[in-house]
Amino acid sequence: MSDNRKKKLENMMDQVEHSRRGFLQKLLVGSAVALAIPASELLAEDAQDEYTDEAKGKGKAKAKAAKAKAKAKAKGKGTEK
Amino acid sequence: LAERDGAAAPFFFSEMNDSTTIRRNPNMALAPGEDGYLVYDIKAQKLHRLNATASLIVELCGQDRRKDQLAADVGSLVGTDGAMACLSWLNRGLKEGILIDAAEARARTPTSALEFASFAQTLREEGYVLGAFVCQYHATLQLPSEADEWYALGELAHIVGRREDARHAYEQYISLEPGDAEIEQILIALRDGTPPSRAPDRCIQQLYARFSEFYEENMCRDLGYQAPQVLSAALNSELRCKKNLEMLELGCGTGLAAMHLRPAAGTLTGIDLSPEMIAHAQKKGLYDALEVAEITLWLEKAEPSGFDVIVACDTLIYFGDLSQVLLPAARVLREHGMIGFTVERDISRGFHLTDSGRYSHSSDHIRDAALTTGLVVKNISSAILRYEYGEEVVGLVVVLQKPAK
């Protein structure tokens with residue numbers, strides 16, 4: 001990539017949200033000649049039917065809710081049934 | 001008409017002077033993917049994968065942008081016909097709702113970080129984990145001081161196989177919530193650190209204090225837990241209809257295995273480190289004695305040669321080298337007594353701490369540990385113990401025997 005293009009890209013990168021800048025920088029700044037043509041794909045139309053069991057792990061069902069409850073209990077805010 | 005590589009939609013050259021002002025959809029979550037962003041539109045409930053250049057465009061559209069100007073700017077970095085290719089993708093982004101008219105974007109209420117986090121939980125409960133991960137990632141970066149958000153992100157990153165993201169999220173979580181023994185154990189694995197010889201007691205106690213309330217529902221209904229059935233079948237084929245046996249169950253939990261063990265038992269004693277799990281086991285009324293204790297300490301203090309059968313169903317997954325349990329267990333077994341247990345199968349040699357914080361064991365290690373502790377291998381077979389994140393958890397079902405002197 002020419003110096004002019006590099007500078008242009010760096011200027012654009014300055015406008016990228018800070019927490020994601022590093023990730024995009026890794027992908028884009030190392031581009032040898034030019035950036036790829038922009039492209040995207042739609043991953044799932046109706047995902048709810050496709051991944052039914054993927055969230056179910058040992059001790060993980062309703063994990064966030066259970067964790068919040070345990071935390072509240074630990075802090076004396078919750079009462080058991 | 002201009003067309004590029006057959007992939008881009010045709011458009012008129014006059015569009016190169018399209019001064020429409022556009023912006024990123026404010027109801028969309030962003031997260032890094034493999035080679036660009038994953039974006040989830042919570043209104044349309046659509047998940048898109050973007051390459052790096054499209055990701056850059058989406059970032060630049062965090063503020064109002066003139067379509068023709070943006071196409072020209074980014075296009076100049078893409079190369080020959082870059083502006084046309086960018087314009088073509090901008091049209092696609094607009095059609096798919098990734099980008100919208102700036103006026104419309106301003107009219108919409110942006111989704112807040114808390115709404116994204118809540119939506120992530122809903123998606124997760126519905127089983128849509130990748131969309132959940134994207135929403136949780138987006139939310140967590142906006143709520144960096146919320147420990148629970150980092151925790152949720154760590155879990156989702158683990159589920160979708162983003163190991164580095166899981167490690168980072170749990171490290172952030174533990175910095176905000178020090179002393180969480182479960183996550184400390186998981187972090188050892190995620191950092192590829194030297195594993196402890198076994199999961200710390202407080203890790204197991206913390207896990208099951210939380211887990212006990214939904215243990216049976218989670219294991220039996222959600223995860224198709226079969227370990228008690230396959231282990232008792234393996235034991236029964238070795239015991240050959242013997243009855244009235246003195247049985248000890250290590251890590252008895254809520255007592256799921258007891259109903260399978262009880263018919264051959266004269267007495268059945270259950271030991272578990274978790275008082276919450278023991279309380280559930282008590283309600284089943286299948287044990288003659290139940291004790292809250294750490295199993296190796298309990299075995300070391302127990303009378304020698306007191307039991308015909310020792311069972312450990314999914315208990316030794318919290319131990320690395322199995323000799324540390326088999327040695328004291330062998331001491332309390334009678335001659336010809338049997339010990340039956342299940343572990344998660346490791347296809348390499350030895351044993352390993354997995355990213356779940358549990359240990360997996362190879363059949364080689366089990367044979368070595370049996371040899372070290374003077375036990376004879378009667379059975380080692382593979383079986384599906386349960387499911388986790390939609391995948392089979394293959395385990396080893398083991399029966400060892402204490403030989404006569």
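Throughout, a chain's letter reflects where its sequence line sits, starting with A, and its residues are numbered from 1.
- Ring geometry, Phe211(B) versus Tyr215(B): the interplanar angle exceeds 60°, so the pair is classed perpendicular (tilted spans 30 to 60°).
- Minimum heavy-atom separation, Gly131(B) to Leu123(B): C-CD1, 3.6 Å.
- Ion pairing of Arg92(B) with Glu41(A) is absent here, as no side-chain N (NZ or NE/NH1/NH2) approaches a carboxylate O to less than 4.0 Å.
- Looking at Leu38(B), the atoms closer than 4.5 Å to chain A (heavy atoms on both sides) all sit in the side chain, from C-beta outward.
- When Met13(A), Arg21(A), Gln15(A) are compared by the number of non-hydrogen pairs under 4.5 Å with chain B, Gln15(A) comes out ahead.
- Asp73(B) pairs by the salt bridge (Lys or Arg N to Asp or Glu O under 4.0 Å) definition with nothing, not counting sequence neighbours.
- Residues Thr53(B) and Ala36(A) come closest through the heavy atom pair OG1-O, 2.7 Å.
- Considering only heavy-atom pairs separated by less than 4.5 Å from chain A, the leading option among Ile57(B), Leu50(B), Leu56(B), Asp35(B) is Leu56(B).
- Considering only heavy-atom pairs separated by less than 4.5 Å from chain A, the leading option among Glu96(B), Arg386(B), Glu182(B) is Arg386(B).
- For Tyr225(B), no part sits under 4.5 Å from any heavy atom of chain A, backbone or side chain.
- Within the 4.5 angstrom heavy-atom criterion, only side-chain atoms of Leu141(B), from C-beta onward, approach chain A.
- Between chain A and the options Gly62(B), Ala31(B), Pro32(B), Ala52(B), the largest number of non-hydrogen pairs under 4.5 Å is found for Pro32(B).
- Val74(B) touches chain A through backbone and side chain together, each having a heavy atom under 4.5 Å away.
- Scanning for ring-ring contact (aromatic ring centres under 6.0 Å, His included) contacts around His138(B) gives Phe116(B), with sequence neighbours left out.
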